[in-house]
Amino acid sequence: MAAESKERKTWRYDFAAIETKWQRYWEDRGTFRAPNPGAPGFDASKPKFYVLDMFPYPSGAGLHVGHPLGYCATDIVTRYKRMRGFNVLHPMGFDAFGLPAEQYAIETNVHPAVTTKKNVEMYRRQLKMFGFSYDWTRELATSDPGYYKFTQWMFKLLVESWYNDQCRWTAADGTEIVGRARPIGELVAELESGRWGVDGNLDLVRSPEADGRREWSGMSATERRKAIDRHRLAYIDEVPVNWCPALGTVLANEEVDSEGRSERGGHPVFRRPLRQWMIQITKYAERLVTDLDELDWPEPIKIMQRNWVGRSFGAEVVFPLADKWRIENGRWIHQTFTPAYSLDGGEWPDAVKIYTTRPDTLFGATYMVLAPEHPLVEKITTPSQRKAVHQYAEAARRKSDLTRTAEAKEKTGVFTGAYAINPVNEKRIPVWIADYVLMGYGTGAIMAVPGSDRRDFEFACAFDLPIVAVVKPTADWIEERLAALTGGLNEAAASGFDRVAAEVPELAETVAARRNRADDLGGRTVEVLRNNVGMDRLVNHYVRHPRSWGEAFVEEGIAVNSPGESEADVPDGVCRLDGLPTEQAKRRIVEWLERTGVGEATVNYKLRDWLFSRQRYWGEPFPVLHDESGEVVTVGDDELPVELPAMEDFRPTPAPETADSLPEPPLSRAQEWVKVSRGGRRFRRDVNTMPQWAGSCWYYLRFIDPHNATRFCDAAAERYWMPVDLYVGGAEHAVLHLLYARFWHKMLFDLGYASTREPFQKLFNQGMIQGFAFRDRRGMIVGPDQVDERGEDEFALKGNGEPVARIIAKMSKSLKNVVNPDEIIGQYGADTFRLYEMFMGPLDASKPWNTRDVPGLYKLCQRIWRLFVDEETNMVSPALVDDPPDRDSQRALHKLVQRVTQHIELLKFNTAIAAIFDFVNAVTPLARRPRAVLEPFVLALAPFVPHLAEELWSRLGHSDTLAYAPWPAYDEALARDDEIEIALQVCGKIKSRITIPADADEKILEAAALADEKIVAAVAGKTVRKIIVVKGRLVNVIV
RNA sequence: GGGCGAGUGGCGGAAUGGCAGACGCUGGGGGCUUAAAACCCCCUCUGGUGAAAACCGGGUGCGGGUUCAAAUCCCGCCUCGCCCACCA
């Protein structure tokens, strides 16, 4: 405790000794152990609070200063809630499986199990230095077999369940839900009983007399298995992957550059289909969107999740192929089916089904486009087009998604030679293929409405296809377009404009006249045009000649160019849209589509099924076996965990750089492990592993009961602790982790293993801690150690003095601006570090680390220390007295407690700490500081600087930890000032200030203002028209 | 291209319709000290007038608007950051 100075003994604030002492105390006594219900020491009378951090991925670099930002915040909340009398669950663990560990292991040639263990130890040691009040008995790591045993068990649940999307049920909390994951046995029972059948696509058919329905009794064992497998929540499908033979590994889209080469090494990458596990997260799309409404999450995160799920409302419409179908008296007749094919309930043969969000624009569909991979392409392409179509489709297939996107500027495509019939106007329209249509969204085919869609417009221009406007543009849009077309005198704009002008003579004349006067053609020109030509003529011109205007009107508006309501010569049964605003037109056309059987309203989602296999070593093995015929069975629960085999060589296997080589995951080389026999049958284990997300999908549940060997978590404990009341982490997980975990939780909820519909009730995103970096004249990055500060915002290179610019950027090795928390703690202590990070600014803002600011917080710790401890004697300061509190120190205390309490609740720690500064500034000068004021102050300090607070608490004579001491109360009346300063304004300008009793009412304030001599002077000679009095703030005199 | 967020002193930030710049850092001045460190006190948005006290004015990215009153609300623009990106 004692730091000895050279000349005389003083008893300084010795953070190192204090922090070590109290960390040991907490650890030895198990101060922060949180018992589960029923366990010894559990107090059922207290409410619960579950505070969760996003657990770290233990990388080789160790903790950097960004990690503790969120952890400091949750620790403050945790300690505060504990003192408010909550049972608090606050655990920590490690997301220890995953690609970076494997990559690091490959680079350093050390086994990932070894590096992971080492890194976890380093992280744990670093985390403990901060004095976070985790219940360390609950620590877990996702790579621990005792943990992934249950990850595998949950994967088995996915395999052994299906999603009944027609199941209406009431959850225990009373909510009505449509759709529910159920054990696969329930589906089998329905099929076996004959109540349900399947159709040709193996979709479920529930009505007994539906067309194409196949009965269970008439199916072979293999067919039955296929039908069942197709409905499992986890299923196997052929999915294209980015296969890089040279690296011997499959790459994520982001790891492939736009040239189709690997980002690392620049080796060729091939798109190859691979049999992989997929998870039907899409079944939960609707619930993942609607359940967001009741969560206390930042709105931007909710928006991101909604966008990711991408729900849209529209219609599916059938476009029959022209050489197969004709229409007679409103009835569709197929050429070859005799008798005429019945449409009731069945799929249309020889027809293209499209999805659109704008069914109101159906009359403007002048051609169609299929994705190059669309299954119909083969079938409909005419012989003369076959070669071109093939080439195009093949080229598209090789391109990665990224490449396709990168080339998005130029529209490309090929005509198939086939025509389809637009069902609303019975026109023959050509069918094209183009890579701007994606197989993965909607039906993989579109109707092209170049008059109402930007991409279709570009395509129609590129290939000279007809463009029909079906929505009347607004005057605003026409003006904007005109301004763009006539803007300035530049040639390109003018030539675009000339096309319009050629057909509207008055318009041309006006412009020519102005052009001759060398006037500006922007701005006012539009005004002149509007007056000379008239907006109606311009709007009508667009409706007749949209192409001339160079851009499509894609917004909503009034329908045009379709049969109108009042037109007499329209045959019966034709849909009339003209004159209707978009919303009504949509409703009318959908009704028409459904009545005539060529379409229906549908909901579509961008969300895709989740690709769950990775061709990597360092992950959870799949708990499944493949037999020689390809049949898949799950292993028994008693065989879990399926342990990852210890392999000397965990590296990927490079393969020859040919397009037909296939990835060989590292596990395939563990030959003894791979081969399994059961009951005389021979099986092979799945050699893929699960993605890193798997372990983090349910770790918050394992924390509740981490040592349970028989169940992932005790049911009663789960009911007690869930949901997580506060979840803090970085925004980089806004979509994927949080969406996957929500899905996973809902699956467990449906099957009765989780008691809440959502896992994380409140979410908070911490901002990023950035760093300063320096850039010299040539743009090279220079480390801060080589830079001198020359003056205010002026920096120069050490040595030659060349000026450098300071930038704020992410902390990274390449910018040489990473700050190591160990160093800061070594120099100033954990309490100072915690204060600094919390005082930097709002928790959710990104802000730059500036080590220069740290000593200010260190000074605060020292000042607090001296309030209590006499440095000469190492005794409690003589200024600390047992007097009853005087008004000033009492007010300071109540202000402090009020502000700290309110700001902790709002997670505004920077301003809470400002309140602590204010308090210290207020009581430092006092010669006598009452114990009744300083004791509660220590308690209010405890969440922020727990070590210092414990030390002071014990020096004040308490023998027990303050971790469970009741949080100090405050009285708003005692926190209030007796007198306050009021601003006096004349016409909103401050002219004077007065000090007046805080409770002065409006009348007194008004009178005081009018009596003030500066106000009297300012209003002299004018009539006072009005006086606005804001109590406690200001008086504004209007003259 | 779309979505989301941000822009306030030399710096981090405070104030979410009511006194702009709380609190901290940096810098400057002073005190204590043989001296230094530490510590304590004062000043520190800006222009003008003034010896000074003080007084007058401007100011929250830019331009407009609403209001007695705008950093805060509305419209338009600029810059930066993050996420998504041909989603029909």
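Throughout, protein chains are lettered first and strands after them, A, B, ... in sequence-line order, and every chain is numbered starting at 1.
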Say you pick atom [atom1] in [N] and the same atom in [M]; how far apart are they, in whole Å?
| N | M | atom1 | value |
| --- | --- | --- | --- |
| B/rU46 | B/rG9 | P | 12 Å |
| B/rU72 | B/rU66 | P | 15 Å |
| B/rG31 | B/rA22 | P | 27 Å |
| B/rA53 | B/rG65 | C1' | 42 Å |
| B/rA70 | B/rG17 | C1' | 7 Å |
| B/rC68 | B/rC19 | C1' | 15 Å |
| B/rU8 | B/rA88 | C1' | 44 Å |
| B/rG28 | B/rU49 | C1' | 24 Å |

Do the ring planes of [X] and [Y] sit parallel (below 30°), tilted (30 to 60°) or perpendicular (above 60°)?
| X | Y | value |
| --- | --- | --- |
| A/Phe868 | A/Phe937 | parallel |
| A/Tyr13 | A/Trp865 | tilted |
| A/Tyr436 | A/Phe459 | tilted |

*In whole angstroms, how far is the P atom of B/rC82 from the CE atom of A/Met768?*
7 Å
_By nearest heavy atom, map A/Asn307 and A/Ile1038 onto RNA chain B; which one lands nearer the 5' end?_
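On the 5' side of the pair lies A/Asn307.
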*asked:* Whether A/Lys411 engages the ring of A/Phe463 as a cation-pi pair (distance to the six-membered ring centre under 6.0 angstrom, angle to the ring normal within 45°) should be assessed.
replied: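 No cation-pi geometry.
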*In Å, rounded to the nearest 0.5 Å, how long is the span from CG of A/Asp456 to OG1 of A/Thr366?*
8.0 Å
Could [X] and [Y] be called an ion pair, given the rule that one side-chain N must be under 4.0 Å from one carboxylate O?
| X | Y | result |
| --- | --- | --- |
| A/Asp1012 | A/Lys991 | no |
| A/Glu600 | A/Lys353 | no |
| A/Arg358 | A/Asp360 | yes |

*asked:* Over all strands shown, is A/Lys302 touching base, sugar-phosphate only, or nothing at heavy-atom distances under 4.0 angstrom?
replied: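 Nothing: the residue A/Lys302, judged by heavy atoms under 4.0 Å, touches no strand.
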*Could you tell me whether A/Arg866 contacts a base, only the sugar-phosphate backbone, or nothing, with contacts defined as non-hydrogen atoms closer than 4.0 Å?*
sugar-phosphate
*Syn or anti for B/rG9, please, going by whether the chi angle lies within 90° of 0.*
syn
Polar atoms only, N or O, under 3.5 Å: list the protein pairs with nucleotides 29-32 of chain B and their distances.
none

*Going by atom types alone, do A/Asn604 and A/Ser312 pair a side-chain donor with an acceptor below 3.5 Å?*
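There is no such pair (donor and acceptor under 3.5 Å, judged by atom type) between the side chains of A/Asn604 and A/Ser312.
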*Are any of A/Tyr441's side-chain N or O atoms less than 4.0 Å away from OP1 or OP2 of B/rA88?*
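Result: yes.
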*Take nucleotides 12-25 of chain B nucleotide by nucleotide from the 5' end and write B, S or -, depending on whether a protein heavy atom sits under 4.0 Å from the base, only from the sugar-phosphate, or from neither.*
BSSS--BBS-BBSS
*Dot-bracket notation for RNA chain B is requested: 5' to 3', Watson-Crick or G-U wobble pairs only, both distances under 3.5 Å, with ( ), [ ], | and . as defined.*
(((((((..(((.....[....))).(((((.......))))).(((((....)))))..(((((..]....))))))))))))....
*Is the A/Phe833-A/Trp849 ring centre distance short of 6.0 angstrom?*
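Between A/Trp849 and A/Phe833, which both carry aromatic rings, the centre distance is below 6.0 Å.
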*asked:* So does A/Gly729 get a backbone contact from the side chain of A/Asn765, meaning a donor-acceptor N/O pair under 3.5 Å?
replied: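 At least one qualifying donor-acceptor pair exists.
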